[in-house]
Amino acid sequence: MSSPSPSAAETPAERYPFHDSALPLDKRVDDLLSRLSPAERLSMLHQYAPAVPRLGIGAFRTGAEALHGVSWLGVATAFPQAVGLGASWDEELVREVAEATSTELRAFHHHRPAAIAPDRGPNSLQAWAPVLNLLRDPRWGRNEEGYSEDPVHTARLGEAFCRGLAGDDPTYLRAAPVLKHFLAYNNEDDRCTTSSGLRPRVLHEYDLAAFKPAIASGAATGVMAAYNLVNGRPCHVSPLLETELRRWAAPTGRQLFVVSDAEAPSNLVDPEHYFDDHAESHAAALKAGIDSFTDHGEDSETVIGRLREALERGLIDQADIDLAVRRQFELRFRMGEFDPELDPYAHIGTEVVDSAPHRALARRAAAASTVLLKNTGLLPLTDPTKKIAVIGPHGDALFEDWYSGTLPYAVTVADGLRARLAPAGGELTVHEGIDRILLRAASTGEPLNGTAFDLGDWGLGVLTLRAADNGRFLSVKEDGSLVADQAVVKSWDVHETFRLVDATDAAGGGTGGAAAGGTGSATEDGTDRGAVLPGGAVLLQSVLTGRYAAADADGTLRVTAEDAAGAERFTRELLRDGRAEAVAAAAAADLAVVVLGNHPLIHGRETEDRRGLALPPAQEDLLKEVAAVRPDTALIVMSSYPYAVDWADEHLPAVLWTSHGGQETGHALADVLFGDADPAGRLPQTWYRGDDELPHPLDYDIIQAGWTYQYHRAAPRYPFGHGLSYGAFRYGELEVDSATVGQDGSIRAALTVSNTGTRPGTEVVQLYVRPLEARYQAPRRKLADFRKITLAPGQSRRLVFDLPAAAHLAHWDVATGAFTVDPGRYQLLAAASAEDVRATVQVTVEGPAPAPRTVLGRRTAAADFDAHRGIALVDATRETGDAVTPAGSDAGSEAGSEAELLFSTVELTGAREVSAEVALEGALEDAAAGAELEFTADGQVLATLTVPPTGGRYAWTTVTATLSDPPRGVHDLRVTLRGPLRLAAFTVA
């Protein structure tokens, strides 16, 4: 099944040194680069790099999606979503999934033409995966793409996925993993213009920590920059690309190939308005470290033209271009493009795609990522002769997300249980619990599209209409016509979602939606409107366009009306009361399995964050009514993210969670429900309670906002790391080799874990650390290590953990700008979750006590605070540096805005004068009033500095004042900012 690499152009008559595989890689790249003309080198900077036939160089494209299976290229094995793989807590399993994915990617590369632009190179072997963005906020629309809210957990699984993609050959890559998305990307709403504020501690302890191990170990070959800004600067021109990422990669001896996200280079001008023109912005991105521009689709000339203009204007030089092209060709050599006869992966054929081993792996991965959240004895099921009712919109359906491959087949929960029950004579009934209605047009009396529709209610008034005659979803076409022709809801712009708007409300200016048949529906605020009387007139509104269905002159219905006045009125006829039928089925069964959750393309997806954590009211109501008639009800939440399932946890005997788990979901869940597989998953993020008020989505300061298990104080519904087994585990005493350790030493901790139950079980033993006398705002606890083990009944295992103090007990010291291990007492906690601690031990770190903070004669960056109130972190210049301003100042807030910075334990003896680096944009009359800095110590005002307009946000000046009655000794220093000024740093003299 092998074939030559399709990326190779015709072989040149002359062989060049770069063809010589015996030469060192850097020499081969040097030779190849020297043979390209300046124009040819420039052309390589676009996503679609052209062929150079005279040298035998084929066309090349960056990027293939491979998050949980090969995506967008056709049918391929579909594994659980990344958040599901994160729930496995299993590095070896994640590596196997990545290996299978890269093997299939090789098959598409070698044997299948590219679906998009087949003349622009073969399907890429550069895999844009894994996603290492941390799941800080469970409302993030792309929550399913990340592994975890914890950096240690994310980093370990991410590195495992990278190694699975890359393969084990020391010279050649099976695929080239690219980490997404750098950096601090965890919101979708206005993602291209919002800024993630990262104070230094959050930057180093949290966000960078997830990316560093895969890069420093050489497991990752590249990084994709994120759409958002960090501290007011777009990620595509971040100095961190060089100062952090490439610094980490340097010891590996490999170049890091950095790509842009789609259209992000153009965003630098519009909508971000960070640069005045595209030549300037593209030049800045190239100099910052972007090597390949994914922009304007297949139109290379627009991007290359901008870079050519930048070169002509002297904004970049040939060396900048050559460096980026060098990085690209190093990667292409490593992927075997120029050595097809030596490439150990060139033989891979199409038979690997959806192969039997990959199907088995998909089933094992889906089972391993299933989390048993609650169980009071209902599970595992033991009698396959019983009658089971599978209920809910997810009971007999599987959904693809945006980065899923095309499912080769779909084993639903109903399919899996049916296969398990049938041989034993058990009985299965299946009910979605949704209504079937007719929408009859008032103008003609005819049903919409001549058929009935099954009404999917996804909450917030958003509905899907699935035609009863062909099982396909109603879709709005470009001309507004309504056609039921979509087998799945999966497109960038979702054309298949609607609202049924009460005509009376609409006439009065309301926009509330209502489902038919007395089931009710959610309004915009997520509350239940209650039933609208059957037969009441409704309007059909497209969620995508906001327009309403209206009749053309010939009576054809199209979604063209801009307002309710011109809309067609429909009456609803209830043909099937889905909830009533589901409840009746549950009452007649021995057990109900209710499967609820989200649709990955509706409410929470790329470009759209969720508004809350509640299940759609229609789903919650269905669950309650089923449980009322059948107390033996197990809830399966199948979702891309956590839900607030407070009622279910309080009233049901069993609750499980699985991500959208791919083609083998049903078999895997049947395995878990019947105990053929232990529910081996553990939560990769906190599940909050419904009444727990979460921080603002754009507050990235996990420390002060209280994000994640590390800092959140309220008791969660289910904590990070939670999950139950069918086994029962006893933790022995946690022991350490020494009760004391030096600041650069290491701790060896050990404990014995035993399965005291009657069934085999899988446990994830989690080791957390916390300081007991921290001088900084420390995490409640922080994951240091974990082990996943499977034990037979009565079996025990001794686990040993080696914890270097510098890796696990350190915090980022803002006073010194480095990681520091403070002396003092620390606690190690062995736990079954972040809140289920089973054993603890204390250790003491010995060493000199940290000195008070020194500010005399030293420039202190404003961002290096210990605590803050009312600030925003912004860019000091377009190229580098951070500054602080009162929150809202850059959004046009009034000059009276105020913010405060705290610098703890500052030595002020000898202080006489303070100077501050400030900037203030605007004219004197509208910006200067009230713009000032105030320095205080323990309530005493030391100095007040008036800040004059400087002419721009990057126009910095220094203002100075003598300290009034300066105190001696160590004090907490507070700096108050009043007005829309920017503070970069201050110096005390």
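For the numbers below, each heavy atom of this structure counts, side chains included, while hydrogens, waters and symmetry mates do not. The shown structure was predicted, so the numbers you read here are calculated from the model rather than taken from an experiment. Nothing fancy with the numbering, it's 1 onward along the sequence.
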Is the shortest heavy-atom distance from the side chain of V765 to the side chain of I789 under 4.5 Å?
yes
Which residue, Q81, H68, R142, forms the side-chain hydrogen bond (donor to acceptor under 3.5 Å, both in side chains) with Y403?
R142
Are a donor atom and an acceptor atom from the side chains of Y709 and D150 found within less than 3.5 Å of each other?
yes
NZ/NE/NH1/NH2 to OD/OE distance under 4.0 Å, R363 and D671
yes
N598 side chain vs S640 backbone, donor-acceptor pair below 3.5 Å
yes
I'd like to know if E650 pairs up with R717 as an ion pair, taking the criterion as any Lys NZ or Arg NE/NH1/NH2 lying under 4.0 Å from an Asp or Glu carboxylate oxygen.
yes
Can you check whether A567's main-chain N or O pairs, donor with acceptor, with R569's side chain at less than 3.5 Å?
yes
Between H153 and W89, is the gap from one ring center to the other below 6.0 Å?
yes
So, E400 side chain and L407 main chain: donor-acceptor pair closer than 3.5 Å or not?
yes
Look at the side chain of N143 and the backbone N and O of G146, then say whether any donor-acceptor pair between them is shorter than 3.5 Å.
no
Which pair of non-hydrogen atoms, one from F498 and one from S542, has the smallest distance, and what is that distance?
CD2-CA, 4.0 Å
Does some side-chain heavy atom of L540 sit less than 4.5 Å from a side-chain heavy atom of E568?
no
Got a second to check how far R713's CZ is from D692's CG, nearest 0.5 Å?
13.5 Å
With the side chain counted from C-beta on, respond yes when L439 and P447 share a heavy-atom pair under 4.5 Å apart, and no when they do not.
no
Give a yes or no on whether the ring-centroid distance for H495 and F473 is below 6.0 angstrom.
no
Under 6.0 Å between ring centres, would you say that holds for W458 and H603?
no
Are I636 and L669 close enough that some pair of their side-chain heavy atoms sits under 4.5 Å apart?
yes
Pick one: which of T762, N755, T790, D678 meets side-chain hydrogen bond (donor to acceptor under 3.5 Å, both in side chains) with S725?
D678
Distance, nearest 0.5 Å, that separates CH2 of W402 from CG of L67:
14.0 Å
Taking K374 for its side chain and L724 for its backbone only, find out whether a donor-acceptor pair lies under 3.5 Å.
no
Note: G597 and Y643 closest approach over all heavy atoms is C-OH, 3.7 Å
Are R838 and D836 ion-paired here, with the side-chain N under 4.0 Å from a carboxylate O?
yes
K490, NZ: over 12 other non-hydrogen atoms inside 6.0 angstrom
yes
Does a side-chain heavy-atom distance below 4.5 Å link Y718 with W657?
no
D646 side-chain N/O to G690 backbone N/O, donor-acceptor pair under 3.5 Å:
yes
Are the aromatic ring centres of Y731 and F729 under 6.0 angstrom apart?
no
Any idea how H651 and W647 line up, ring-wise: parallel (<30°), tilted (30 to 60°), or perpendicular (>60°)?
parallel
Spacing of R420 atom CZ and I388 atom CD1 [to the nearest 0.5 Å]
9.5 Å
Given the options I434, I391, L622, R579 meets side chain to side chain contact (heavy atoms under 4.5 Å, CB included) only with L622
First locate atom OG of S659, then atom CG of L85, and finally report the distance between them rounded to the nearest 0.5 Å.
7.0 Å
Within the side chain of D485, is there an N or O that forms a donor-acceptor pair under 3.5 Å with the backbone of L474?
no
Is there side-chain contact between L381 and K386, with at least one heavy-atom pair below 4.5 Å?
no
Give a yes or no on whether a salt bridge exists between E446 and R440, defined as a side-chain N under 4.0 angstrom from a carboxylate O.
no
Salt bridge flag under 4.0 Å for residues E496 and R466
no
Output yes when D691 and R689 qualify as a salt bridge under the 4.0 Å nitrogen-oxygen rule, no when they do not.
no
Measure from the side-chain N and O atoms of E149 to the backbone N and O of T686, and report whether any donor-acceptor pair falls under 3.5 Å.
yes
Rounded to the nearest 0.5 Å, how far apart are CZ of R499 and CG of L463?
8.5 Å
To the nearest 0.5 Å, tell me how far L465 CG sits from R472 CZ.
16.0 Å
Salt bridge or not between D454 and R436? Use side-chain N to carboxylate O under 4.0 Å.
yes
Looking at R136 and P697, would you say the former's side chain and the latter's main chain have a donor-acceptor pair under 3.5 Å?
yes
Can you check whether A586's main-chain N or O pairs, donor with acceptor, with R630's side chain at less than 3.5 Å?
yes
